[in-house]
K.L.:
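One structure is given below, represented as structure tokens, and several questions about it will come after.
In each ligand, atom 1 is the first atom listed, and ligand 1 is the first ligand listed.
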Amino acid sequence: MIISSAMENSFYSIRMRASSREKHLSGGERLVPRNEISAVVAALTEQGLLAADGQADVVQCRVERIATATLRYGVLPDVSTRAVRNDHEGRLLAVRLLERAGVAAQVAQGAIQLLADGPGPGGTVMRGAVIMDARNGQRLEPDPNRGVRASRMDVTPDCRFKLTRLLQEHDLGHRRVGEALVLAGKVLSASGLVAELCWSDDPNYTTGYVAAPAFGYRRISALKPSGDPRGGRVFFVESGTSIADLVVYLEETPVLFVDHGTISPAQQWESDDA
Ligand code: AMP
């Protein structure tokens, strides 16, 4: 059978969502060629079933063909890690990095407090991210309950092969690191984006990161105390950024990363470092 080159080169977005009684438990995002769909749907379904100790009662996978003309290509940010002694040091470092990226100091501190308190209504965890004006700290996401979800991003099969090996060589082989790196890559590629702050809502995962064009994806070994179920993401934007355009870009525009950046060994952070 002859397959037209357009069909052959088609990419498909696969999005997984696992939930329990409407509560979001786990999500997954991939952009894959036609021949990988079955395997990736199986793997993501398994990932959803295993989430939160197997509590999911619904696991949905949605497969959509991407219009090739809408696909954008990029290179992933550089990865570096700073080991801190505790979450107090980690948050101090996060504020310094955010300031370096162009976020006002008070706004950076306010964003950290927001994630520490739980950014959703009544101190809950959001499914998506907060969008915040980097100058005045105003919250700009259209729905503060849900937040904005970065979606439709992945690495090419060749990049995945190289990146997986490189991350493993640096003891960063956990799926979480690769996924967050790809998400941060898409976020940083958005117009008007100044920086991203993230730590997980998983009580057992205390490492978080600050990402910005100037220094890439910088992991910080502790951004919250162990056992804390709160977390989230903040996308800082320049004043005047079109939020409607940003949300469409983050949620809908497919972005494929064709190469990775550098990955540096972890370094102990000293408080006089930036
Ligand atoms: P996680 O690192 O997966 O534990 O996610 C930490 C927090 O980031 C979640 O509580 C959400 O608020 C937010 N988040 C997770 N996935 C996304 C996404 N795809 N886009 C935007 N925010 C997200």
K.L.:
Exactly one of E22, R21, K23 should register a side-chain contact (heavy atoms from CB on, under 4.5 Å) with D57. Which one does?
P.N.:
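Among E22, R21, K23, the one that satisfies the side-chain contact (heavy atoms from CB on, under 4.5 Å) with D57 is R21.
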
K.L.:
How far is atom 21 (C) of ligand 1 from its nearest protein heavy atom, and which residue and atom name does that atom have?
P.N.:
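Here the closest protein heavy atom is V148 O, 3.2 Å.
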
K.L.:
Report the nearest protein non-hydrogen atom to atom 18 (C) of ligand 1: residue, atom name, distance rounded to 0.1 Å.
P.N.:
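Residue, atom and distance for the closest contact: L183 CD1, 3.6 Å.
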
K.L.:
Does R127 approach ligand 1 within less than 4.0 angstrom via side chain, backbone, both or neither, non-hydrogen atoms only?
P.N.:
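Only the backbone of R127 comes within reach of ligand 1.
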
K.L.:
Say whether W199, considering both its backbone and side-chain N or O atoms, lies within less than 3.5 Å of an N or O atom on ligand 1.
P.N.:
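Min N/O separation from ligand 1 is not below 3.5 Å for W199.
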
K.L.:
So for ligand 1, is M126 a polar contact partner (N or O within less than 3.5 Å, distance only)?
P.N.:
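Yes, since at least one N or O of M126 sits under 3.5 Å from an N or O of ligand 1.
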
K.L.:
Applying side-chain contact (heavy atoms from CB on, under 4.5 Å), can you list everything that pairs with L49, at least two apart in sequence or on another chain?
P.N.:
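Counting only residues at least two positions away or on another chain, L49 forms a side-chain contact (heavy atoms from CB on, under 4.5 Å) with T45, E46, V59.
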
K.L.:
Answer with yes or no whether L250 contacts ligand 1, where contact means a heavy atom under 4.0 Å from a ligand atom.
P.N.:
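No; L250 lies far enough from ligand 1 that no heavy-atom distance drops under 4.0 Å.
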
K.L.:
So which heavy atom in the protein is nearest atom 19 (N) of ligand 1, and how far is it from that ligand atom?
P.N.:
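Result: A150 O, 3.0 Å.
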
K.L.:
Can any side-chain N or O of N86 pair as donor or acceptor with the backbone N or O of E89 at less than 3.5 Å?
P.N.:
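Checking the backbone N and O of E89 against the side chain of N86, a donor-acceptor pair under 3.5 Å is found.
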
K.L.:
In this structure, would L223 and V177 fall into the same cluster of hydrophobic residues linked by side-chain contacts under 4.5 Å?
P.N.:
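Different clusters: L223 never reaches V177 through Ile, Leu, Val, Met, Phe, Trp or Tyr contacts under 4.5 Å.
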
K.L.:
Which residue and atom name correspond to the protein heavy atom nearest atom 4 (O) of ligand 1, and how close is it?
P.N.:
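The closest heavy atom on the protein side is S200 OG, 2.7 Å.
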
K.L.:
Is there a donor-acceptor pair closer than 3.5 Å between any side-chain N or O of K224 and the backbone N or O of A116?
P.N.:
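No.
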
K.L.:
Any side-chain heavy atom of M153 sitting closer than 4.5 Å to one from L183?
P.N.:
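Result yes, sub-4.5 Å side-chain heavy-atom pair found.
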
K.L.:
List every atom of ligand 1 that sits less than 4.0 Å from any heavy atom of V125, numbering the atoms from 1 in the order shown and giving each element.
P.N.:
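Here the atoms of ligand 1 in question are 10 (O).
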
K.L.:
Do any N or O atoms from the side chain of D78 and from the backbone of G261 form a donor-acceptor pair under 3.5 angstrom?
P.N.:
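Between the backbone of G261 and the side chain of D78 there is no qualifying donor-acceptor contact (under 3.5 Å).
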
K.L.:
Indicate yes or no: at least one non-hydrogen side-chain atom of Y249 is less than 4.5 angstrom from one of L193.
P.N.:
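Contact flag for Y249/L193 side chains = no.
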
K.L.:
Between G231 and ligand 1, is there a nitrogen or oxygen pair with a distance under 3.5 Å?
P.N.:
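Between G231 and ligand 1, no N or O pair is found under 3.5 Å apart.
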
K.L.:
Would you say G232 contacts ligand 1, with heavy atoms under 4.0 Å as the rule?
P.N.:
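Judged by the 4.0 Å heavy-atom criterion, G232 does count as contacting ligand 1.
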
K.L.:
Would you say ligand 1 has an N or O under 3.5 Å from any N or O of D202?
P.N.:
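No; the residue has no nitrogen or oxygen that sits under 3.5 Å from a nitrogen or oxygen of the ligand.
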
K.L.:
List the closest protein heavy-atom neighbour of atom 2 (O) of ligand 1: residue, atom name, distance to the nearest 0.1 Å.
P.N.:
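It is R233 NH1, 3.6 Å.
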
K.L.:
Taking 4.0 Å as the limit for heavy-atom contacts, which would you say applies to D201 with ligand 1: side chain only, backbone only, both, or neither?
P.N.:
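Both backbone and side chain of D201 come within 4.0 Å of ligand 1.
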
K.L.:
Does ligand 1 come near enough to G128 that some N or O of the ligand is less than 3.5 Å from an N or O of the residue?
P.N.:
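G128 vs ligand 1: N/O contact under 3.5 Å present.
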
K.L.:
Counting non-hydrogen protein atoms only, what is the nearest one to atom 16 (N) of ligand 1? Give residue, atom name and distance.
P.N.:
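For atom 16 (N) of ligand 1, the nearest protein heavy atom comes out as R149 NH1, 3.2 Å.
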
K.L.:
Show me the donor-acceptor pairs within less than 3.5 Å that the side chains of residues 201-217 make with the rest of the protein, sequence neighbours left out.
P.N.:
unit_1 : atom_1 : unit_2 : atom_2 : d
D202   : OD1    : N204   : N      : 2.8
D202   : OD2    : R176   : NH2    : 3.0
T206   : OG1    : S221   : O      : 3.4
T207   : OG1    : S221   : O      : 3.1
Y209   : OH     : E196   : OE1    : 3.3
Y209   : OH     : E196   : OE2    : 2.6
Y209   : OH     : R233   : NE     : 3.3
Y209   : OH     : R233   : NH2    : 3.1

K.L.:
Looking at side-chain heavy atoms only, is the closest gap between R152 and R15 below 4.5 Å?
P.N.:
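In contact.
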
